[in-house]
Structure formats: C-alpha cells, structure tokens
Amino acid sequence: MTEQEMHDKILEMVREYCDTYHKEKPYHEGDRIPYASRVYDHEEMCNLVDSALEFWLTSGRYVKQFEADLAKYLGVKYVSVVNSGSSANLLAFMTLTSPLLGERRIRRGDEVITVAAGFPTTVSPIVNYGAVPVFVDVTIPQYNIDVTKLEAALSDKTKAVMIAHTLGNPFDLRAVKDFCDKHNLWLVEDNCDALGSLYTIDGEEKFTGSVGDLGTSSFYPPHHMTMGQGGAVYTSNPLLNKIARSMRDWGRDCVCASGEDNHCGHRFDGQYGELPKGYDHKYVYSHFGLNLNITDMQAAVGCAQLKKFPSFVERRRHNFDYLKNGLKDIEDKLILPEPCANSNPSWFGFLMTCREGVDRKKVVPYIESKGVQTRMLFAGNLIKHPCFNEMRETGEGYRVVGSLENTDRIMNDTFWIGVYPGMTDEKLDYMIKVIKEAVR
C-alpha cells in the first residue's frame, strides 16, 4: 500500500472500531445519570488519529482551523486556543495588565468587580496577580450579578468587571456593558459555561462572549463541547489579541507560528529594549508570558465537535424546557431557574433552590441515591472557602459590597442537575420523578 492508502485504511478501521465499541449502552431506569458527559462519534476519533498519524503534536493545522471556525461561529475577529478554561481566564485577565494598554492597564492593587457565587478560576487570576476582587451579590432565580449593586461597587481603583454567565444563563449584558462604557472599564465575559448562549443588545442578537472586550471558553469534557482539555480567549480588539497571543506564547514579541521563521521580514534588523540591534526577533520578549498552547490532537477533536455544536445547543434547550415543564407543579418546594431578559441561553445545567421547609441536606442525598448526579453552584460563596482564610483574618486583599445575602442562600439551599445533549426524554422523566419524590 502507498502511504495514503495505509492512512485511509487506518481511519476506516478507526471508524469501524468506534461505531462498534463506543456505542452508548441502552438506558435502564436506575442507571447512573451523570450531570454531564462527552457526546461524540467516529468523526472525533478519526480526526484524533489523523492528527496522531501526522505526528506534528504541538499546535498546527487543526489549531489554525479550530481558531478560524470558532471565530466565525461567534462572530469575533480573533480566537486564541489555550490548554484549559482556567488558562483562558488567566490569559484574559493577564492581557489587561500589559504595559501596552497605558493608563487602562490593571496594576497590582487595582480593583475588579466580580461575584463570589461561581467557579474559583474566574477570581483566582485577580488574586494571584495582586489585584483586588470586589464581590457583589447575585439574584435568584437568574443566579447572575445584581446589576443594581454595580455603582456601589465602583471606586477610583476599579479597572474591570470579570464575571461568568452562570450555567449558560447570560447576565444582564445591557446593564453591565453600559456600566463599563460609562466608567471606561474593561469587561471580561467568562463564557466557559455558556458557549452558544445568545443575548439581544442594541437590536442585534449576539453570542455571549462576543459583547465584552474579551471572552473565554472551556472545552473540558463536561462542558458544551470538548477536546479533553482546552479553552479559548476571544476578542475583536486587535491590540488585545496581540497581547493575548504574546502572553500565551512565552511572552514573545514575535508573531510567527510554531515552525515558522521571519513572518515579519525583519527578524534580524530590529531594535528592542536594550538588546543589541538586530537581535533575533524570535527570542525577544515583550511580556512575562507562559506556554498555554494545546496539542494539534486536541484541536482535531474540537474541529469535529464544533461541526455538531449547534445541535448540542438545541438539545440542551430542549432538555431544560422539558425539566422545567415537568417540575412546574412543585414550584412551592423549589425555586426553578429563569432566563435573563433578552436572552436565549445555551443551558449548562438546571439550577434549583430549596424553599423554606425543604432541606437540601436531605433532598440531594436522596436524588444521588437514586442514581441522578447533582452539583452545587460551584463555590457557593467563594470567600467562605479555605483559600480565603488568610484574607478573611486580615480583612485585606478583597472587598465585599453589601451582605451577599443571595450568595449565602445559594451556598446553603441551591443545587443543580445536568442537561447535556446525551440525555434522552426517558432519562429526563426519571430525573423529574426522583426530584419530586425527594421534595415530597
């Protein structure tokens, strides 16, 4: 066989292997129903093996394709893939610390408005850099930032707002964007749990993550689509893109892709910092960066997932609506989630808050005992966690606006179940039955 014939034969066998041995097993009532799972077929596996056979390993043609395809889907100009959603949040935040941003750069001691009811990696880049997170309460049943508290959170040190769209439900982008524009603040949308969510602003329907200055995504297996590990930062601002690329790629000034030399045509004739004139531009560093790149094999999986992604979103919406309709007769027991006005969420989960007289400590173990996996709203209240012990003791390093009353309510009374696209109506019916038994 020729090389191409052998390559095609291998992929044909991979396709047959996947179709034979990776089929989903039939569901039987009582089987474990996870809150999330991968949804894939032979296309992902063939892409993965195709990339492996090429053996480029680091970022290559599949990364380039995925970045272009995701940018087109989101309607943004630039996408930079990274090795996780947490790295995406880190990169988005660190981009705003660049000296290239002049007076608008975030410096140590500056403040960033955020929420405590969420995942820690929205906040950890702020803390680790030495900036100050300013925590604002959220609303129930949207579980997003209470925009009426934004002005109270503002100080002369405020430089940005960095918040997530909670479990796919967009926060009030109109109010937050207006606030940021009014006070010349950066807006970072943590879109890791909301890829595919839509929000209508200024009469135009846009994807979440594309409205602020920077958006982030995660492609960890439980998320809306997966490449195993992976994430992305996106923007339509060319300067922010330049900085993000530099910080992702070791902090270098050079924009050459991996394996490329002299893209700018001035590799040996520039003057940078106090380096000798003509120092190799491949090794000039304009930022203190990291290597946050992914492998081409991961991106190969992502390219196949992205083709299926619109169908994933539609199924998530169906599953959410099915659950809400099925649980509406126990709204006296549980507060059911509501979408933000002017939005069409790509739901990541179905959030519920126990009403007075319903004990989450009894409800959740019962649901779990019946094979239905549950989750808390991540940290609940992040500032109550051990990672804040030292800051709580000193009262330094963060600031709280108001009482965080709803945040504490979520910490004590809220839980959620999944709506991932692999869930069938049969599974949803069983979940509804079990939840009703648990609260009654």
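Numbering starts at 1 and runs along the sequence shown.
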Please walk me through it: do N241 and Y234 pass side-chain hydrogen bond (donor to acceptor under 3.5 Å, both in side chains)? CA-CA 8 Å; N241 176 62; Y234 27 94; over 6 Å; no
Could you grab the distance from atom CZ of R104 to atom OG of S98, nearest 0.5 Å is fine? 13.0 Å
Would you call K149-D137 a salt bridge at under 4.0 Å N-O? no
Given F119, which partner from the list F378, F348, Y220 fulfils the ring pair (Phe, Tyr, Trp, His ring centres under 6.0 Å) test? F378
Strictly by ring pair (Phe, Tyr, Trp, His ring centres under 6.0 Å), give each pair with a member in residues 121-142 just once, sequence neighbours left out. F93-Y129, F135-F388
Side chains of N406 and D146: is there a donor and an acceptor less than 3.5 Å apart? no
Distance alone, cut at 3.5 Å: any donor-acceptor contact between the side chains of K328 and N325? yes
Pairs in or reaching into residues 55-84: which pass salt bridge (Lys or Arg N to Asp or Glu O under 4.0 Å), with residues at least two apart or in two chains? D50-R61, E54-R61, E67-R245, E67-R248
Measure from the side-chain N and O atoms of R360 to the backbone N and O of T353, and report whether any donor-acceptor pair falls under 3.5 Å. no
Lys/Arg-Asp/Glu bridge criterion (N-O < 4.0 Å) met for K433, E426: no
Take atom CZ of R107 as the centre, draw a 6.0 Å sphere, and report whether it contains more than 12 heavy atoms from other residues, nucleotides or ligands. no
What residues form a salt bridge (charged side-chain N to carboxylate O under 4.0 Å, His left out) with R315, not counting sequence neighbours? D425
Check ion pair R15-E12 (N to O, under 4.0 angstrom): no
Which residue in the set T200, N342, D202 passes side-chain hydrogen bond (donor to acceptor under 3.5 Å, both in side chains) when paired with R174? D202
